[in-house]
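Got a structure here, written out as structure tokens. Questions coming.
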Amino acid sequence: MTADVAARATAGFRSTYGEEPAGRWAAPGRANLIGEHTDYNDGFVLPFALPLRTVAAAAGQPGERWTVWSELSGETVAFGADEVAEPGRVAGWGAYVAGVVWALREAGHAVPGARLAIASDVPLGSGLSSSAALEAAVLAALVDLGGLELPRERQPRLAQRAENAYVGAPTGIMDQSAVIRCRAGHALFLDCRDESVEHIPFDLDAAGLAVLVVDSRAPHRHADGEYAARRASCEAAAGLLGVPALRDVPADGLADALARLDDAETRRRVRHVVTEDQRVLDTVALLRAGKVRDIGPLLTASHASMRDDFEITVPEIDTAVEAALSAGALGARMTGGGFGGCVLALVDADRAGAVADAVTAAYAERGFAAPGHVTVLPGPGATRLD
């Protein structure tokens, strides 16, 4: 997949600028294996990088000017230091690129002028972090072109700042951490409080397994307002319980904590976060022990919790999960913030096609638009290709 998208980025660079790029940098989309809505509660997440990639072909140019061509829109956007200096001056998809330049400059780096061409296989609006992939690919290109001193462990926070403060999207640290720091054959165990990471073996190929990612194609329904409501509810509950964040409610103290909350909805939200954090820890323990197949029930339990306690699934998502499990998936769950997006199913590699067909058939029976799907293994994070 990477070779094809890299070739398209190179072709776009040639046609836009009339010469060869100095190099090509790639960053992946990501799927979250388990740990949903735990990030802003200072909890734990376990994402992995997808083989779907965004590639930036790039070369330097004189002065403080940046020009970017996008395969997706066919547009070329150009901006200088004056436009970058003030969030909001560069709009649309170009804001993600300008935001990276802005965040680097705000951090004191001398950002080189550059020409870039962007191509991508990461689908937009599917919850697979296409925006973080774009930011990470551009960031990797600018760091290398300028010879900037920016260690990999500091890059996710800078890319997140670009999206939060410049673009205005309130994402947590997980997406940028995953697309920058993941390793092939591993999941990234991230503590969202201190941003420490551990690379957990997730060798699906050796176990004869794969992850089937199903794009539900469901329109995102009220996602922004509902996300904000869930976050506010969790923060209010932590205040009522007298803890810095819901991560500080231990699983064995959950019953006592719930008994102290009067509102039934708040109790459901707290129960999801506390049990989801524990499911992440249990999944990590099984993967460390090499018991990859055994994580399936934890994935399915995570989905039930998102559906019943956090109430963030939609009929298309639930249908995909139910159909995958009925067709023999070892576990399945929604991945991402909810109200649309993708489902991931842990499957025997030789059954991936049959499970995908079962999901498609279930969609047809319900009258839903046909889903998309791709079978994946955990890939590497952002890297220079050449």
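Not measured: the values here are computed from a predicted model.
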Test side chain to side chain contact (heavy atoms under 4.5 Å, CB included) applied to Asp263 and Leu261, step by step:
CA-CA 6 Å; Asp263 180 65; Leu261 299 170; over 6 Å; no

Task: Shortest non-hydrogen contact from Leu124 toward Ser130 - done: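 Scanning both residues, the minimum pair turns out to be CD2-OG, 3.4 Å.
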
_Verify same cluster id: Trp25, Val68 (apolar side-chain graph, 4.5 Å)_ =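 No, no single cluster joins them.
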
May I ask you to check whether over 12 heavy atoms, not counting those of Arg105, lie within 6.0 Å of atom CZ?
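Counting neighbours around CZ of Arg105, more than 12 heavy atoms of other residues, nucleotides or ligands fall under 6.0 Å, so yes.
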
ask   = Is a side-chain donor-acceptor pair under 3.5 Å present for Asp318 with Thr313?
value =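 Short answer, yes.
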
**Q.** Co-membership, hydrophobic cluster, residues Leu254 and Val243, 4.5 Å side-chain
**A.**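 Yes, same cluster.
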
**Asked** Does the side-chain hydrogen bond (donor to acceptor under 3.5 Å, both in side chains) test come out yes or no for Thr38 and Arg247, once each step is laid out?
**Response** CA-CA 8 Å; Thr38 50; Arg247 176 251 184 80; over 6 Å; no

Look at atom CD of Glu19 and say whether more than 12 heavy atoms of other residues, nucleotides or ligands are closer to it than 6.0 Å.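 For Glu19, atom CD is crowded (more than 12 foreign heavy atoms under 6.0 Å).
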
Checklist entry - How long is the gap from CZ on Arg271 to CZ on Arg269, to the nearest 0.5 Å? => result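 The distance works out to 10.5 Å.
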
Shared ILVMFWY cluster between Val179 and Leu377, side chains joined below 4.5 angstrom?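 No, separate clusters.
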
*Where the side chain of His303 meets the backbone of Met334, is there a donor-acceptor pair that is under 3.5 Å apart?*
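Checked: pair present.
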
Under 3.5 Å, side chain of Ser305 to main-chain N/O of Ala301, donor-acceptor pair present?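 Side chain of Ser305 to backbone of Ala301: no pair is present.
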
Closest non-hydrogen atom pair, Arg24 against Ala7: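 Closest approach of Arg24 to Ala7, heavy atoms only: NH1-N, 3.8 Å.
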
*In sequence, state the C-alpha distance, the side-chain angles, and the governing distance for Arg268 and Glu311, and then conclude on salt bridge (charged side-chain N to carboxylate O under 4.0 Å, His left out).*
CA-CA 9 Å; Arg268 291 196 299 272; Glu311 299 175 291; 3.3 Å; yes

Exercise for review: Ignoring hydrogens and angles, tell me if any N or O in the side chain of Asp144 forms a donor-acceptor pair with the backbone of Gly147 under 3.5 Å.
Suggested key: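 No: the side chain of Asp144 does not pair with the backbone of Gly147.
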
- Message: Classify the ring geometry of Phe79 against Trp66: parallel below 30°, tilted from 30° to 60°, perpendicular beyond 60°.
- Response: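 Plane angle under 30°, so parallel.
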
- Message: Working to the nearest 0.5 angstrom, can you tell me the gap between Cys182 SG and His199 NE2?
- Response: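 Spacing of SG (Cys182) from NE2 (His199) equals 7.5 Å.
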
Subject >> With sequence neighbours excluded, residues passing ring-ring contact (aromatic ring centres under 6.0 Å, His included) with Tyr40 >> reply: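 Checked Tyr40 against ring-ring contact (aromatic ring centres under 6.0 Å, His included); matches are His37, Tyr227.
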
Option among Val167, Val111, Leu139 that satisfies the side chain to side chain contact (heavy atoms under 4.5 Å, CB included) test with Val100
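Looking at Val167, Val111, Leu139, the match for Val100 under the side chain to side chain contact (heavy atoms under 4.5 Å, CB included) is Leu139.
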
Report task. Test salt bridge (charged side-chain N to carboxylate O under 4.0 Å, His left out) on Arg351 and Asp357 and set out the steps. Result -> CA-CA 10 Å; Arg351 290 282 301 160; Asp357 289 345; over 6 Å; no

How far does CG of Leu142 sit from CG of Leu116, to the nearest 0.5 angstrom?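 One gets 6.0 Å once the value is rounded to the nearest 0.5 Å.
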
State, without any angle test, whether Trp93 and Glu75 hold a side-chain donor-acceptor pair at a distance under 3.5 Å.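 Checked: Trp93/Glu75 side chains pair up, N/O donor to acceptor below 3.5 Å.
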
Taking the side chain from Arg152 and the backbone from Ile180, do they hold a donor-acceptor pair closer than 3.5 Å?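 Checking the backbone N and O of Ile180 against the side chain of Arg152, a donor-acceptor pair under 3.5 Å is found.
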
### Task
Any chance you could lay out the side-chain hydrogen bond (donor to acceptor under 3.5 Å, both in side chains) test for Glu163 and Ser131, step after step, and finish with the verdict?
CA-CA 8 Å; Glu163 188 154 349; Ser131 60; 3.1 Å; yes

Is Glu153 salt-bridged to Arg181, going by a charged N under 4.0 Å from an acidic O?
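Between Arg181 and Glu153 there is no salt bridge, as every charged N stays at least 4.0 Å from the carboxylate O atoms.
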
Is there a side chain to side chain contact (heavy atoms under 4.5 Å, CB included) between Cys192 and Asp42? Walk through the geometry before answering.
CA-CA 5 Å; Cys192 294; Asp42 280 0; 5.6 Å; no

Salt bridge (charged side-chain N to carboxylate O under 4.0 Å, His left out) evaluation trace for Asp4 with Arg8
CA-CA 6 Å; Asp4 178 60; Arg8 300 197 318 261; 2.6 Å; yes

task: Quick one: pull up CD in Glu276 and CG in Leu298 and give me the separation to the nearest 0.5 Å.
output: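 Answer rounded to 0.5 Å: 9.5 Å.
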
Determine whether Val274 and Asn41 satisfy the following criterion, side chain to side chain contact (heavy atoms under 4.5 Å, CB included), listing intermediate values before the conclusion.
CA-CA 9 Å; Val274 175; Asn41 289 291; over 6 Å; no

Item to complete: Check the pair Ser302, Arg333 against side-chain hydrogen bond (donor to acceptor under 3.5 Å, both in side chains), reporting the backbone distance first and the verdict last.
Response: CA-CA 7 Å; Ser302 171; Arg333 66 183 290 274; 3.0 Å; yes

**Asked** If we ignore angles and hydrogens, is there a donor and acceptor under 3.5 Å between the side chains of Arg279 and Thr283?
**Response**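 No, no side-chain donor-acceptor contact under 3.5 Å.
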
So which residues get pulled into Met174's cluster when ILVMFWY side chains under 4.5 Å apart are joined, directly or through others?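 Besides Met174, the cluster holds Val45, Ile173, Leu188, Leu190, Val197.
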
### Task
Go through the steps to decide whether Asp203 and His186 satisfy the test side-chain hydrogen bond (donor to acceptor under 3.5 Å, both in side chains), and finish with yes or no.
CA-CA 7 Å; Asp203 193 347; His186 292 75; over 6 Å; no

* Over all heavy atoms of both residues, which pair between Asp82 and Arg89 is shortest? Give the atoms and the distance, please. =>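 Looks like O-NH1, 3.7 Å.
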
Quiz item: Of all heavy-atom pairs between Ala207 and Val292, which one has the smallest distance, and what is that distance?
Solution: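 So the two residues come closest at CB-CB, 4.5 Å.
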
Give me the atom names and distance for the closest heavy-atom approach of Gly23 to Arg384.
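It is CA-NH2, 3.9 Å.
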
Practice problem: Determine the minimum heavy-atom distance between Gly60 and Arg115, stating which atoms define it. | Solution: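 For Gly60 versus Arg115, the nearest heavy atoms are O-NH2, 2.9 Å.
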
Review point. Which is it for Phe189 and Leu281 under the side chain to side chain contact (heavy atoms under 4.5 Å, CB included) test, yes or no, and what are the steps along the way?
Key: CA-CA 9 Å; Phe189 179 35; Leu281 298 176; 3.8 Å; yes

Between Gln61 and Arg65, is there a donor-acceptor pair closer than 3.5 Å when you use the side chain of the first and the backbone of the second?
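Yes; judged by distance alone, with no hydrogens or angles, the pair exists.
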
(Q) Is it the case that atom CG in Asp194 sees more than 12 heavy atoms from other parts of the structure closer than 6.0 Å? (A)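 Correct, the count exceeds 12.
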
| query | Do the charged groups of Asp309 and Arg267 touch, with an N to O distance under 4.0 Å? | reply |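 Looking at Asp309 and Arg267, the cut-off is not met.
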
same_hphob_cluster(Val55, Ile118) at 4.5 Å side-chain heavy-atom cutoff: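 In one cluster with Val55: Ile118, no.
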
Q.
Return the CG to CG distance between Asp191 and Asp277, rounded to the nearest 0.5 Å.
A.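 Atom-to-atom, Asp191:CG and Asp277:CG are 9.0 Å apart.
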
Any donor-acceptor pair under 3.5 Å from Arg30 side chain to Gln176 backbone
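It does not hold such a pair.
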
> Just by modelled atom types, is the Gly336 backbone N or O under 3.5 Å from a matching donor or acceptor in the Glu36 side chain?
Replying inline: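 Indeed, once roles are kept as given, a pair shorter than 3.5 Å links the two residues.
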
Practice prompt. Could you please spell out the steps behind the salt bridge (charged side-chain N to carboxylate O under 4.0 Å, His left out) verdict for Glu149 and Arg154?
Written response: CA-CA 10 Å; Glu149 290 293 327; Arg154 287 176 47 204; over 6 Å; no

*asked:* If I take atom CD from residue Glu135 and atom CD from residue Gln160, how far apart are they, to the nearest 0.5 angstrom?
replied: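 Answer for the CD-CD pair, Glu135 versus Gln160, is 9.5 Å.
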
>> Hydrophobic cluster membership, with links at side-chain heavy-atom distances under 4.5 Å among I/L/V/M/F/W/Y: are Val280 and Leu299 in one?
In response: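 In one cluster: yes.
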
Decide yes or no for Pro123 and Leu52: does some side-chain heavy atom of the first lie under 4.5 Å from some side-chain heavy atom of the second?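 Side-chain contact under 4.5 Å: yes.
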
